[in-house]
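Step one of this worksheet: look at the structure below.
Order of the sequence lines fixes the chain letters, A, B, ..., with proteins taken first and strands second; residue numbering starts at 1 for each chain.
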Amino acid sequence: MMRDFSFAALLAFLQCGAPSQQEVVYPLVARGVSSGPFTSRGSWDVTLTDARVALGPIYFCTTEAASPDFCEVAQAEFASSANFNALTGDEQLLGEVRGLTGTIGSAQYDFGISWTTTQNNPTATSGSLNGHSAHFEGIAQRADKTVRFVLELDLPPRDQGSRTVQGGRAGADIADARVNLLVSVDPVAWWRHVDFSEIENNPESVVQIDGDSVIANTVIIGMTANETPVFEWRAQ
Amino acid sequence: MNPLPSNTALRPLAGGALIIILLGLLCPLRALAEVTPPALMERVDAVYPPDALALGEGANVVLRVTIDEGGKVSGVEVTQSGGPRFDAAATGAVMQWTFTPAQRDGKPVKSRITIPFTFEPPPVTVQKAVTPPPPRPAPIAVARALEPAPQAAPPPPPVREAPADVVDVSVRGRRSPPPRATSDYVLNREVLTVAPHQGAAEMLMSAPGVYVAQAEGEAVAHEIQLRGFDAEHGQDIELTAGVVPVNLPSHIHGQGYADLNFIIPEVVRSVRVTEGVYDPRQGDFAVAGSIHFDLGVVERGWQIKTSLGTFGTARQLVLWAPAGMPEETFGAVVIKRSQGFGMNRGSMSGTGMGQMVWEAPLGFRATLHASAAGARAGLAGVLRYDDLNAGLVNFYDSYPDPTANAQNALSTRAQSAVTLERTSGDGARTEFSLWGLFSTFRLKENFTGYLQRSQQRPQWVGRGDLIEQYHQDLAGGARASHRTARIAPFSWLSAHFEGGTTLRVDIMEQQQNLVAAPQNETWDQRVDADIKGADIGLYLDADIRITRFLRLRGGPRVDVLYYDVDDKLGNFIPSVQRQTHIVGYRRTALGMAFGPRGSIEVTPFSWLGFQAAYGEGYRSPQARILEDGENAPYTKVRSGEVGFRLTPGGSDRFSLSGAAFVTLLSQDLAFDPGEGRLETVGPTSRKGLASQLLVHPWSWLLTSLSVTYVNATLDAPPPATAENPNPPYRRGQLLPYVPPLVVRGDVGLQKDFGMLRNSPLTARVGAGFSFLSPRPLPYGKLAEPVFLVDCSASLRTRNLEIGMEIFNLFNQRYAATEYSFVSNWATREVPSSLPARHFSAGSPRTVMLVLGVHI
């Protein structure tokens, strides 16, 4: 034991200098920030009864530039995927973020479906929702019209080797591992611009919204551009 | 067959590349002679008379030596006197020589031979690093501390019972370059061969502070660490073999790329390792220092050595060093193959090298050198530690992937040189040399797996990051220098002055592509350039002695570098942009580097010396990064050192040296695995301590130990990039890849323990160990320490030798090199973009059986 200690002490003395970065690992949690009834475009009263979202992998970059060319080396990452209930404000543990101390300027991420450089097609990860990025259910009402709807959404990356969202907002200076990362999503904000008139005359008791429909695209724009997930690092 | 001419004034032979064959055809095997001449087994250098040395006096002495049937010297007659002092010195030395006696019809007979001694007044002080027991049959002459020993004669000429026309093998004293600082080591063959080494590059590990690894196979240059510098493949070390430079400027794989695989270790007579830049003769790439391989063969005759070992390794050497000719005259051929110690590591190589020395008109001594080498090897590449720990790969594997299995390298090199030198008795020396070389290099290597996207066709991605590099260099140069005779205006003041010039021209072609295995389809072009470069250097050097106690040396050096770059992919137009011009960018750049170098040596006693040295050097830029008209930026280095050397009883018995050093670099380079090239990291500094202990208490035992400590740090934040506008930096941040502590130890024993058929039976055992402390890696990671032991044992008679060499005796699993970077080998569902530790496996225990025939 004394020999091991002496050797360790010798190595510590020999280093005589500080590394510029250290490895850190901290938890990743997620929650929703809204859930109650709301009024969407076209004066529809909407209540979401189910909103589950798959998130990951997530790569945090030093630069603020929204280009994968400037994030070949990540500052931190959640190299996995997981899904969570976006209608509850309770924090749900998704996994661990691994990274280095230093500055984070942006994020790139998928919603459970990735298209890596070695894959010929987009591929659902283990954290997806039965192969999908998100699952929504709800009721929309206007005057005497009531529409029950279900949407299973796929958000694959546009190009092979890229991420669904590139240059997502994120910023932090990580000094050590005494932090955790909170991801907040607002499903109400995603659906607030949806006009259900497109499906109001659908005779089905529960309307399966098509993934290529205007409604689906409106939600996609909300998730990937207007109301992207918010990343917040908090000291533990 | 025609007998060897009885005069050493041989005529030059045409065709450097045919030297080996021609020598073999022209000269007879001694075994066919009716009378077998005596062969020198052990010799002792003559001690230069101290008072004559102080006065700068020299002389020639010729002795007629009688050798009895037992090989002992039974009588000495001075046939040409050089004065009582020199006669006594020569006689005293030769009386201690032993020979294998002459034989007639297989029976020992008494014989007489003529041996000339040339006492040449030394202009400078020589310190040899060690003087171990001489090997059989023709050991290197031992040099006493502070004196350049005149080179003893090579094996004597043909002997008749009543010698009449004895061959006068006039020998010039082999000039050992004087050390410029404490950390300036000359390692002669005894030191270099104490422990076994797999090649000439590995011999360098016997020098303090040097560590050598071969991480990329037999066809790629070694990685060399020297006193705080991770010189990669030679970027920070000026390497020469004879008069030919080894470094290749602006090489696609690394600036200053220096492949030492073409050097045959059996023809390395000594190695000079100059740690620091204190000599005006040091030129481009002398940032950490310089390493010079002195080529020559001490043991004359034929050597045929066969080595067979583990991993299907076989090596065949044929070496011929004609008796009666200078040590610099030899021819050698080596062929080697191996299946390698793991996946995709097979290799094959061949090298031929020859030199011839003869006396030219006007008192010049001419040397003609020619060599050619080629090698091809598979590359296993690197592995991720996390994949190894997860059991996805084994330590000596390569990734089971077509792009990983397609990694390989091919290299060729041919060179020739002619040197004329003349030394006069008053210390004046004139030298002129011309050299030319042609080299090719082709490498396919994948560090990062599947990360890259084509720049030419952005939709092409995931085809494997197999980088194909090609580099071709046709180079030529010249060197000329003249040192004045000794100038002594007063009895206590003397000086020599030297001026010299070097010239080098390179014509290079280089390309770098991404190719898809296994069809080698090119899917991206990254580099396509033709480069012409010229380097003209001028230096002045003064050597001033003030009494016997103080010596000042130094002078300025200036280099002018010119580059002409035809970058065929310059001004590249991305596919998403409209084409507004034709791709291509030709540019020229010129710059000048100037630096003083100097040293002071104080020797209050003959056994104690103190040295201080300072110098400024440079490393030329990678030509491709230069802009048009740019005043070619150099990496400037400022180096300083103070130290001492203690040699009680003479440096051949005990030597202790210690030095403290500082080296500051204006712009350092580090390896970028993503591009497979060196990239700029910013200014750096190195501060450290180096020490060496050599002990040679008895003729049969030699030990050496060296310890080098370095604190190598980055002095400013790395250059900002678009990806990383604020690179992390902490003052005192350690440089990656540089081990703080390097320890090296060697021990050798050699003893005669009987006779076998009138020939001494000699046993030899040697071992060497190397220790590297954990090295910092990029992104705050740390590499594992390295501890390796190599050993050897052999038995030798006059004509036969059998032995065993074991490398990595304890079968350590170690990394020849480690990196930290991002890669994706598709071994996990979600790829990581964090930098991960990667390694290239070092060789496991390797056992070689060696059988040698000496004629």
(message) Using the ring pair (Phe, Tyr, Trp, His ring centres under 6.0 Å) definition, which of the options B/Phe447, B/Tyr819, B/Phe821 pairs with B/His838?
(response) B/Phe821

(message) At a 4.5 Å cut-off on heavy atoms, which part of B/Leu451 comes close to chain A: side chain, backbone, both, or neither?
(response) backbone

(request) Find the one option among A/Ser126, A/Gly56, A/Gly99, A/Ser81 whose heavy-atom pairs under 4.5 Å with chain B are most numerous. (result) A/Ser126

(request) Side chain from CB out, backbone as N, CA, C, O: work out which of these in A/Ser114 comes under 4.5 Å of a heavy atom of chain B, or both, or neither. (result) neither

(request) Assess the pair B/Phe839 and B/Tyr385: is the distance between their ring centroids shorter than 6.0 Å? (result) yes

(request) If the plane angle is over 60° it's perpendicular, under 30° parallel, otherwise tilted; pick one for B/Phe787 and B/Phe769. (result) tilted

(request) Pick one of side chain, backbone, both or neither for A/Gln160, based on which atoms fall under 4.5 Å of a heavy atom in chain B. (result) both

(message) Can you tell me which portion of A/Thr123 sits under 4.5 Å from chain B's heavy atoms? Options are side chain, backbone, both or neither.
(response) neither

(request) Could you tell me whether A/Arg178 sits above the aromatic face of A/Tyr26, with NZ or CZ closer than 6.0 angstrom to the six-membered ring centre and within 45 degrees of the axis? (result) no

(message) Please identify, among A/Thr116, A/Asn120, A/Asp110, A/Thr125, the residue contributing the most non-hydrogen atom pairs under 4.5 Å to chain B.
(response) A/Thr125

(request) Might you confirm whether atom CZ of A/Arg234 has over 12 heavy atoms from other residues, nucleotides or ligands at distances under 6.0 Å? (result) yes

(request) Return the option, out of B/Pro458, B/Pro778, B/Pro831, with the maximum number of heavy-atom pairs under 4.5 Å with chain A. (result) B/Pro831

(message) One pair to check against side-chain hydrogen bond (donor to acceptor under 3.5 Å, both in side chains): B/Thr713 and B/Ser685. What are the steps and the verdict?
(response) CA-CA 6 Å; B/Thr713 57; B/Ser685 64; 3.2 Å; yes

